[in-house]
Amino acid sequence: MEKVMQNDLSKIADIIARNPKEPGSLIAVLQDIQKEFHYLPCEALMETARVLGVPMSKVFSVSTFYNAFSLTPRGETIVRICQGTACHIKGGKLIQEQIESALNIKAGETTPDMKFTIEIVNCVGACAMAPVIIVNNDYHGNVKCDKVKNYLDGK
Ligand code: FES
């Protein structure tokens, strides 16, 4: 796993310090760390456990339980492509290929500049507008192959 630079370690202390130093702050601290780094660096988990007085096993189980947390580096923009049944039937696979080709990575990967990560998800409850992609928190329905670039550019 990629090491966090020394520079960033001071940020970890600042992030933890924004919250009360008690075990009940665990999820809030992890959310803040995830937001800052787009994943949970190992160093941050150890520091969180130490400062909040929470066993490392507990920090680790919370980190792996919630989908919002990632233990591996992810891009600034998470592109989720729905491959549930409705989206698959409506051309979800083609959308996936377009996005993979536009970003030059495969699903599950992150671009070398850490800008984008592609993830495949199952039905996100918006089948009526299939095929669906979610760019960070923005849902896009009835996605057309020739518009994929626009969605990635935030348009
Ligand atoms: S299958 Fe994609 S939103 Fe339901």
Side-chain angles (χ1 to χ4, degrees), residues 1-4 8 11-12 15-16 18-19 23-49 52 54 56-155:
M1 186 179 292
E2 169 186 307
K3 272 258 175 203
V4 178
D8 290 327
K11 277 194 199 166
I12 293 172
I15 292 167
I16 298 172
R18 280 184 223 147
N19 296 275
S25 299
L26 179 58
I27 291 181
V29 168
L30 295 179
Q31 284 172 327
D32 288 350
I33 294 169
Q34 173 78 39
K35 197 168 173 199
E36 176 69 35
F37 298 104
H38 309 292
Y39 81 111
L40 302 174
C42 186
E43 292 86 343
L45 295 183
M46 289 193 292
E47 187 62 3
T48 300
L52 300 186
V54 179
M56 195 57 201
S57 57
K58 170 83 176 163
V59 174
F60 189 71
S61 70
V62 170
S63 305
T64 51
F65 181 76
Y66 294 100
N67 285 341
F69 297 136
S70 171
L71 294 175
T72 51
R74 293 201 292 180
E76 281 166 40
T77 300
I78 311 292
V79 182
R80 296 186 174 89
I81 307 166
C82 182
Q83 292 296 5
T85 307
C87 289
H88 189 76
I89 289 170
K90 291 273 193 96
K93 200 71 196 162
L94 210 55
I95 301 295
Q96 179 181 335
E97 285 168 11
Q98 287 286 325
I99 293 174
E100 287 176 337
S101 137
L103 297 177
N104 208 17
I105 53 170
K106 294 286 181 201
E109 295 179 350
T110 298
T111 54
D113 63 2
M114 302 303 291
K115 293 271 187 225
F116 291 94
T117 295
I118 302 176
E119 290 182 353
I120 301 300
V121 292
N122 283 313
C123 184
V124 291
C127 307
M129 37 190 243
V132 175
I133 66 170
I134 307 165
V135 180
N136 280 341
N137 293 321
D138 297 331
Y139 278 64
H140 300 282
N142 303 309
V143 173
K144 305 273 182 288
C145 280
D146 58 349
K147 294 282 180 344
V148 158
K149 269 275 219 182
N150 294 359
Y151 301 127
L152 299 179
D153 292 341
K155 290 176 194 157

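All residue numbers in this chain count up from 1 along the given sequence. Read the numbers this way: they start at 1 and go in the same order the structure lists the ligands and their atoms.
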S.K.: What protein N/O/S atoms are there under 2.8 Å from atom 2 (Fe) of ligand 1, waters excluded?
M.R.: Cys82 SG, Cys87 SG
S.K.: Does Glu36 have any salt bridge (charged side-chain N to carboxylate O under 4.0 Å, His left out) partners at least two apart in sequence or in another chain, and if so, which?
M.R.: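 Scan of Glu36 (salt bridge (charged side-chain N to carboxylate O under 4.0 Å, His left out), adjacent residues dropped) gives Lys11.
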S.K.: Quick one: which residue pairs count as a salt bridge (charged side-chain N to carboxylate O under 4.0 Å, His left out) with a foot in residues 75-93, not counting sequence neighbours?
M.R.: Glu76-Lys115, Arg80-Glu119
S.K.: Among pairs that include at least one residue of residues 121-148, which meet salt bridge (charged side-chain N to carboxylate O under 4.0 Å, His left out), considering only residues two or more places apart or in two chains?
M.R.: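 Output for this query is empty, none listed.
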S.K.: Report the C-alpha separation of Thr110 and Ile105 in whole Å, then their side-chain angles, then the decisive distance to 0.1 Å, and conclude whether the side-chain contact (heavy atoms from CB on, under 4.5 Å) test is met.
M.R.: CA-CA 7 Å; Thr110 298; Ile105 53 170; 5.6 Å; no
S.K.: Indicate yes or no: at least one non-hydrogen side-chain atom of Phe69 is less than 4.5 angstrom from one of Val62.
M.R.: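 Result yes, sub-4.5 Å side-chain heavy-atom pair found.
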S.K.: Applying side-chain contact (heavy atoms from CB on, under 4.5 Å) to Thr111 and Asn104, what does each step give before you reach the verdict?
M.R.: CA-CA 8 Å; Thr111 54; Asn104 208 17; over 6 Å; no
